[in-house]
Each structure stands twice: as C-alpha cells, then as structure tokens.
Protein chains: 2
Amino acid sequence: MAGWQGVTFLKPSYVELMIEGDCAEVGGILSRVGDKWSVLVVVALADRPLHFNELKRLIDAVSAKVLTSTLKALVRDGFIIRHEISAMPTRVSYELTPLGRDLLTVVRDLALWSVRNRFAIREARKTYDASTPPARRLIKAV
Amino acid sequence: MAGWQGVTFLKPSYVELMIEGDCAEVGGILSRVGDKWSVLVVVALADRPLHFNELKRLIDAVSAKVLTSTLKALVRDGFIIRHEISAMPTRVSYELTPLGRDLLTVVRDLALWSVRNRFAIREARKTYDASTPPARRLIKAV
DNA sequence: CGGCATCCAGACCGATACTG
DNA sequence: CAGTATCGGTCTGGATGCCG
C-alpha cells in the first residue's frame, strides 16, 4: 500500500507530472489503482450503494479481514463513504463519492486499454515462454 | 503479479469491459500498471534505451534482484526489449517497444489524474486521521 | 557488467473464532 | 450484521556472494 517512501527517482522530463507532488504521494495513488480488491470494490459500487455482506458476496474471493481494510483505505482516501445505521443488528452501507466515481472512470479506461491490448500481450507472453526454457524463468506463468 | 485466478466476480453492468477477456487477464495487466517498479522502469526508459546499471542507478531504491525480475516481466509482456551484446564484459540494454510506449501514455494519464486529485485525497486523509483514533486504524499512515 | 543462487526478515492474506 | 482478534502459512523483497 505504501512502500514508495524511499523513492526519490524521477525522470527529469517527467518531473512536470509530479509538479509540487512528490513521487511517494503519486505512487501511493497508483498502487491503490493497481490493488485488486480496491478496484473490484469500486467497480462493485458503480451503480448503487452496498452493504458489507453484499460486497462480500459479490467479491466472494475476499476474506472479511481484507475487505474491511480495503474499505477503510478507500474511505480514508475519500473514494467511498461509510453510512452506519445504529440499530440492532447494525447496518452499514458503502457508497462512492464523486471522487470515487472519478476513480471509476479512470479504472474503466485502464480496463479498456487492457482489453484492447490483451492480444498483443498474450502473444508476447506466448513467444517469450516458447523461447525460454521454464527452468530459466523467474516469474510465474499467468 | 498474478493472484487474480480465483476472481470470477464481475459486475453485470461492467461485463462489457472484459468482453472476451477474463477478469484474471485484465487484472494481471492492471496490477502491472500498479506495480511500483514496473512503472518507474517504463518512465525511466521514456526517451532512450538504458543499460542495466543505468536503470539501477536511476532507480537506486530497487535491489538488483527485483530489478531483474521486473525487467523480465516487462520483456515477457512485450513492453520492453532486451538487447544483449555478447562481449566481455557483457553489455545489455533495455528499450521500450511500441506497446511499451503505449503503456507509457497510459501511465502518464494515470499520474496526471493522481496529480489533479492529490489535494482532495490528501484532505480526505487528513480529515479521516483527525477523526479516527490511531489505535482504531488498521491501515498504515502514509 | 549483468546477472543468478541463497538466505532471511517482514508483509500480506486466509481461516477461524469471537463480540456488540 | 458488521466487524475484530489471533494464528499461521505464503510470498515478497533486501542483502550478500558468486559466476561468465
């Protein structure tokens, strides 16, 4: 989630990208976008608010613990809002903020780009794997 | 890098995003974009090819091992090309492919979005942190 | 120079059990 | 229902040393 603290490197020609914002901050946001669960949660909330367990059921590969921390991180960053109804049993719902909707469009563009280029990537991987003996590969096959 | 295998969830309204491409494949590409080192390498190669140690020096927070595996992954996905000159000592240079240049524009757009929204995010975090006792937070502060 | 092999500490993440 | 607490396995990523 963090981990960008020590990174001071920045291409001179790309410094403009980070005007006034340091690499760590932008990096932190980028890794949020690259985070599997965050992306899925944001997409899941695309057209209506959901309760905790509704989210849990939709994204059933996630554990409650991880879903909880993912939601907290998204709330903290201002991408979603937590609504709590103090009753018994408690009901909590999560909803995208305007900022969260903006994030959604970014994620969608990214996904569309992935879809457009997936054949090229798949082909590149096939070629690479064919020319490289499995034993010499460090990375796991996808 | 991988880790999307078990994920079958997809919002019905967003299925179009993944037409013909399954969630795992798109997810794998998304996490590559979210990967700190991959992003930095692609940005570093923006305007000219670089040797291994040039990259290492530019991104000096990375260890040789991780840089190596990052480069392999990027080569495998067809984002960069590895040129090896068999001499003694060996010289190797890495260069963006057209696909890699395309990835670069995507990353740039993402970085620009982060920069545009960084104040909103920073503000949201400040508000959240102020209203939440440190002991009750699961996520690490950034 | 450009790696690869090994070892090791720490982060992450799932499963389980428990609470208001 | 919506979490929290704890434990334990896996996986990542850094440091070091060696090799062509």
Side-chain angles (χ1 to χ4, degrees), chain A residues 1-7 31-32 34-38 40-41 49-75 80-95 132-142, chain B residues 1-7 31-32 34-38 40-41 49-75 80-95 132-142:
Chain A
M1 201 163 302
W4 283 71
Q5 287 83 352
V7 183
S31 38
R32 181 67 28 84
D35 179 59
K36 177 171 54 168
W37 305 123
S38 296
L40 288 175
V41 166
L50 294 172
H51 297 295
F52 183 88
N53 277 338
E54 288 181 307
L55 275 169
K56 177 89 180 63
R57 268 190 299 275
L58 274 174
I59 316 175
D60 76 301
V62 75
S63 68
K65 190 177 84 174
V66 172
L67 180 56
T68 299
S69 63
T70 301
L71 288 169
K72 283 197 178 184
L74 290 171
V75 168
I80 63 178
I81 289 185
R82 199 187 109 112
H83 299 284
E84 181 172 345
I85 300 171
S86 288
M88 215 26 174
T90 319
R91 294 291 281 180
V92 178
S93 68
Y94 294 91
E95 178 184 14
T132 310
R136 297 209 49 194
R137 257 181 285 145
L138 270 186
I139 45 176
K140 292 184 292 282
V142 175
Chain B
M1 206 160 296
W4 283 71
Q5 288 83 351
V7 183
S31 37
R32 179 67 30 85
D35 179 59
K36 177 170 56 166
W37 305 124
S38 295
L40 288 176
V41 166
L50 294 172
H51 297 295
F52 183 88
N53 277 337
E54 287 181 308
L55 275 169
K56 178 88 181 61
R57 269 189 299 274
L58 274 174
I59 316 174
D60 74 304
V62 74
S63 69
K65 188 177 89 173
V66 173
L67 181 55
T68 299
S69 63
T70 301
L71 288 169
K72 281 198 180 183
L74 289 172
V75 167
I80 62 177
I81 290 185
R82 198 186 109 114
H83 301 284
E84 181 174 346
I85 300 172
S86 289
M88 218 22 173
T90 320
R91 294 292 281 180
V92 178
S93 68
Y94 294 91
E95 178 183 15
T132 309
R136 298 208 51 193
R137 257 180 285 144
L138 272 186
I139 46 176
K140 291 184 293 282
V142 174

Indicate the atoms forming the closest heavy-atom contact of K56(A) with V62(A), along with that distance.
NZ-O, 2.9 Å

Candidate nucleotides dG2(C), dG14(D), dG3(D), ranked by approach to the side chain of W37(B) - the nearest:
dG14(D)

Could you tell me whether the phosphate oxygens of dC1(D), OP1 or OP2, come under 4.0 Å of any side-chain nitrogen or oxygen in H51(A)?
no

Calculate the interatomic distance between I59(A) atom CD1 and dG14(C) atom C1'; express it in whole Å.
16 Å

Starting at atom NZ of K36(A), determine the distance to atom C1' of dT12(D), rounded to an integer number of angstrom.
15 Å

Just so I know, are the side chains of L40(A) and L55(A) near enough to count as touching, which here means a heavy-atom distance under 4.5 Å?
no

The reported gap from CH2 in W37(B) to CD1 in I59(B) (rounded to nearest 0.5 angstrom) is 7.5 Å

Whole angstroms only, please: what is the CG-P distance between N53(A) and dT4(D)?
13 Å

I want to verify a distance call: between dG14(C), dA2(D), dG2(C), whose nearest atom is closest to the S63(A) side chain?
dG14(C)

Check S38(A) against D35(A) and note the closest heavy-atom contact, atom names and distance.
OG-OD2, 2.7 Å

Is any side-chain heavy atom of K72(A) closer than 4.5 Å to a side-chain heavy atom of V75(A)?
no

Among the nucleotides dG14(C), dG13(D), dG2(C), whichever has the atom closest to the side chain of V66(B) is dG13(D)

What nucleotide among dC1(C), dC1(D), dG3(C) has an atom nearest to a side-chain atom of R82(B)?
dG3(C)

Less than 4.0 angstrom between a side-chain N/O of Y94(B) and OP1 or OP2 of dG3(C), yes or no?
yes

To the nearest Å, how far apart are L55(B) CG and dG2(C) C1'?
12 Å

What's the closest nucleotide to the side chain of K65(B) if the choices are dA15(D), dG3(D), dC1(D)?
dA15(D)

Nearest atoms (heavy-atom pairs only) where A73(A) meets R32(A):
O-NH1, 3.8 Å

Check the distance between dC12(C)'s P and D35(B)'s CG and give it to me in whole angstrom.
14 Å

5'-most contact on DNA chain C (nearest-nucleotide basis), A64(B) vs A64(A), goes to A64(B)

On the nucleotide dC4(C), are OP1 or OP2 found under 4.0 Å from the side-chain N or O atoms that K72(B) carries?
yes

Please tell me if R57(A) has a side-chain N or O lying less than 4.0 Å from either OP1 or OP2 of dA2(D).
no

Side chains of L71(A) and R82(A): does their closest heavy-atom pair fall under 4.5 Å?
no

Side-chain N or O of T90(A) closer than 4.0 Å to phosphate OP1/OP2 of dC1(D)
no

Give the rounded distance in Å between these two atoms: CG of L71(A) and P of dC13(C).
14 Å

Which nucleotide in the set dG20(C), dA2(D), dG3(D) lies at the smallest distance from any side-chain heavy atom of M88(A)?
dG20(C)

Output for pair (T90(A) OG1, H51(A) NE2), nearest 0.5 Å, gives 12.0 Å

note: K56(B), atom NZ; dC4(C), atom P; distance rounded to Å ~ 15 Å

Range-with-range stems for DNA chain C, at least three Watson-Crick or G-U pairs under 3.5 Å
C:1-20 with D:1-20

Whole-Å distance separating the CG atom of L40(A) from the P atom of dC13(C)
13 Å

